[in-house]
Engineer: 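Just passing along the structure, written as structure tokens.
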Amino acid sequence: MDKEWSKIYQEHAPAVRAVLYKMGLKNELDDVVQECFVKAWKGLKNFRGDSSMKTWITRIAVNCAYDHFRRKGVNVETEEIDEEKLGAAEPDTKDTSAEEALRRALDCLSVPHREVLVLHVMEENSVDEVAAILKMSPGTVKSRLFHARANLHKILTKRGVTYE
Amino acid sequence: MSDHDDKLDEFLKKNSARVPEPPPGEMQRIWRAIEAQQTPAWHWRDLFSLPQIRVALPALAVLVVILGTMHAKKVRHDQEVERVLAAALSFQMEDAGEDSPF
């Protein structure tokens, strides 16, 4: 096995796995992690070091997640709440854990909103890092974060989940 | 960022789903997938496995036969011309020999 690749895998696989899982990949997680590292290996010779390796690999992971969602017929362009999922979801009860309630709520968010919350809040990347990963301006990231938080709050309130 | 956002972020961090462990041997599995995708060294025999070449092969064979036949005909024709010329020349020389004053 190539030593360079093995080092990259060991260093970045946990973060890649976390981003993909939190973005909503469940059963297909292992396959998409594989797809991401195969793409990273293929693109390694073109990696010029303009960004950090972490930023570069996370961008590949996010792109792989988008490809996966497109293959499944998910509209990845919209920033609207998935009302269909929101309406169809079973109501949260007292027995529903906060983790489960959050997972369901995130599932109703659009992919662009989910990704900024995952990258910035859950994976604790700075706004500038998220901007570099998603190849957009920090202003756009901030705007998306604002709308993502507002939508998530709306979903949680509608489902009767309190966090304050 | 407001206090409200802080609380939401805190809720997100605290309750974000625990990521499942990777399956055992994931690194080796991915490496095998990478190796499988690496292009093998090219060999001239691979040319015959190309669909375009496979389709063109019968036409190429017919072309070779036609060109071979044409070449054989030309060779036979040249030999014939040479033979006739040689015969004519020897006849002329014989003729010249008879009329020669020497």
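Chain letters run A, B, ... following the sequence lines, proteins first, then strands; residues in each count from 1. Nothing here was measured: the structure is a model prediction, and the numbers come from that model.
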Engineer: Answer with yes or no whether the hydrophobic clustering places L67(B) together with V75(B); edges join I, L, V, M, F, W, Y residues whose side-chain heavy atoms lie under 4.5 Å apart.
Structural biologist: no

Engineer: Which atoms form the tightest heavy-atom contact between Q34(A) and A33(B), and what is the distance?
Structural biologist: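 Q34(A) and A33(B) have their closest heavy atoms at NE2-CB, 3.3 Å.
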
Engineer: Please determine, among R103(A), R17(A), E99(A), Q10(A), the option with the most heavy-atom pairs under 4.5 Å with chain B.
Structural biologist: R17(A)

Engineer: When rounded to the nearest 0.5 angstrom, what is the spacing between CD1 in I30(B) and OG in S6(A)?
Structural biologist: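 Rounded to the nearest 0.5 Å, the CD1-OG separation comes to 11.5 Å.
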
Engineer: What distance do L12(B) atom CG and L156(A) atom CG have between them, rounded to the nearest 0.5 Å?
Structural biologist: 8.0 Å

Engineer: State, yes or no, whether a side-chain contact exists between F146(A) and D5(B) at a heavy-atom distance under 4.5 Å.
Structural biologist: no

Engineer: Can you tell me which portion of E124(A) sits under 4.5 Å from chain B's heavy atoms? Options are side chain, backbone, both or neither.
Structural biologist: side chain

Engineer: As an exercise: rank V33(A), V38(A), L102(A) by heavy-atom pairs under 4.5 Å with chain B and give me the winner.
Structural biologist: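 Maximum pair count with chain B is reached by L102(A).
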
Engineer: Does atom NZ of K74(B) have more than 12 heavy-atom neighbours, drawn from other residues, nucleotides or ligands, at distances under 6.0 Å?
Structural biologist: no

Engineer: By a 4.5 Å heavy-atom criterion (distance strictly below it), what part of Y9(A) contacts chain B: side chain, backbone, both, or neither?
Structural biologist: side chain

Engineer: Please state whether the side chain, the backbone, both or neither of E21(B) comes within less than 4.5 Å of a heavy atom of chain A.
Structural biologist: backbone

Engineer: Picking from K13(B), K14(B), R29(B), H4(B), which has the most non-hydrogen pairs under 4.5 angstrom with chain A?
Structural biologist: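 Sorted descending by pairs with chain A, the first entry is H4(B).
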
Engineer: Over all heavy atoms of both residues, which pair between F37(A) and I34(B) is shortest? Give the atoms and the distance, please.
Structural biologist: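 Closest approach of F37(A) to I34(B), heavy atoms only: O-CD1, 4.1 Å.
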
Engineer: Which region of L145(A), side chain (C-beta onward) or backbone (N, CA, C, O), has a non-hydrogen atom less than 4.5 Å from a non-hydrogen atom of chain B, or is it both or neither?
Structural biologist: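 Looking at L145(A), nothing touches chain B.
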
Engineer: Measure L20(A) against the heavy atoms of chain B and call it side chain, backbone, both or neither at under 4.5 Å.
Structural biologist: neither

Engineer: Determine all donor-acceptor pairs shorter than 3.5 Å in which one atom belongs to a side chain in residues 53-60 of chain A; sequence neighbours excluded.
Structural biologist:
{"unit_1": "K54(A)", "atom_1": "NZ", "unit_2": "N125(A)", "atom_2": "OD1", "d": "2.9"}
{"unit_1": "T55(A)", "atom_1": "OG1", "unit_2": "S52(A)", "atom_2": "OG", "d": "2.9"}
{"unit_1": "T58(A)", "atom_1": "OG1", "unit_2": "K54(A)", "atom_2": "O", "d": "2.6"}
{"unit_1": "R59(A)", "atom_1": "NE", "unit_2": "I133(A)", "atom_2": "O", "d": "3.2"}
{"unit_1": "R59(A)", "atom_1": "NH2", "unit_2": "A132(A)", "atom_2": "O", "d": "3.1"}

Engineer: Side-chain atoms of residues 65-75 of chain A: list all donor-acceptor pairs with protein atoms under 3.5 Å, sequence neighbours left out, distances to 0.1 Å.
Structural biologist:
{"unit_1": "Y66(A)", "atom_1": "OH", "unit_2": "E115(A)", "atom_2": "OE1", "d": "3.2"}
{"unit_1": "Y66(A)", "atom_1": "OH", "unit_2": "E115(A)", "atom_2": "OE2", "d": "3.1"}
{"unit_1": "D67(A)", "atom_1": "OD2", "unit_2": "K39(A)", "atom_2": "NZ", "d": "3.1"}
{"unit_1": "R71(A)", "atom_1": "NH2", "unit_2": "E35(A)", "atom_2": "OE1", "d": "3.3"}
{"unit_1": "K72(A)", "atom_1": "NZ", "unit_2": "E28(A)", "atom_2": "OE2", "d": "3.1"}
{"unit_1": "N75(A)", "atom_1": "OD1", "unit_2": "E77(A)", "atom_2": "N", "d": "3.0"}

Engineer: Answer with side chain, backbone, both or neither: which region of R18(B) has an atom nearer than 4.5 Å to a non-hydrogen atom of chain A?
Structural biologist: both

Engineer: Between I66(B) and L60(B), is there a shared hydrophobic cluster once you connect ILVMFWY residues whose side-chain heavy atoms come closer than 4.5 Å?
Structural biologist: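 Cluster IDs for I66(B) and L60(B) differ.
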
Engineer: Which heavy atom of A98(A) sits nearest to which heavy atom of N15(B), and what is that distance?
Structural biologist: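 Shortest heavy-atom contact: CB-OD1, 3.4 Å.
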
Engineer: Is there a path from V81(B) to L89(B) through hydrophobic residues (I, L, V, M, F, W, Y) whose side chains come within less than 4.5 Å of each other?
Structural biologist: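 No, no single cluster joins them.
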
Engineer: Answer with side chain, backbone, both or neither: which region of K42(A) has an atom nearer than 4.5 Å to a non-hydrogen atom of chain B?
Structural biologist: side chain

Engineer: Is L63(B) reachable from I53(B) through a run of hydrophobic residues whose side-chain heavy atoms are each under 4.5 Å from the next?
Structural biologist: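 No, I53(B) does not connect to L63(B) through the hydrophobic network.
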
Engineer: Could you tell me if the side chain of W5(A) sits less than 4.5 Å from the side chain of M27(B), heavy atoms only?
Structural biologist: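 When only atoms from C-beta onward are counted, W5(A) and M27(B) do touch, with a gap below 4.5 Å.
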
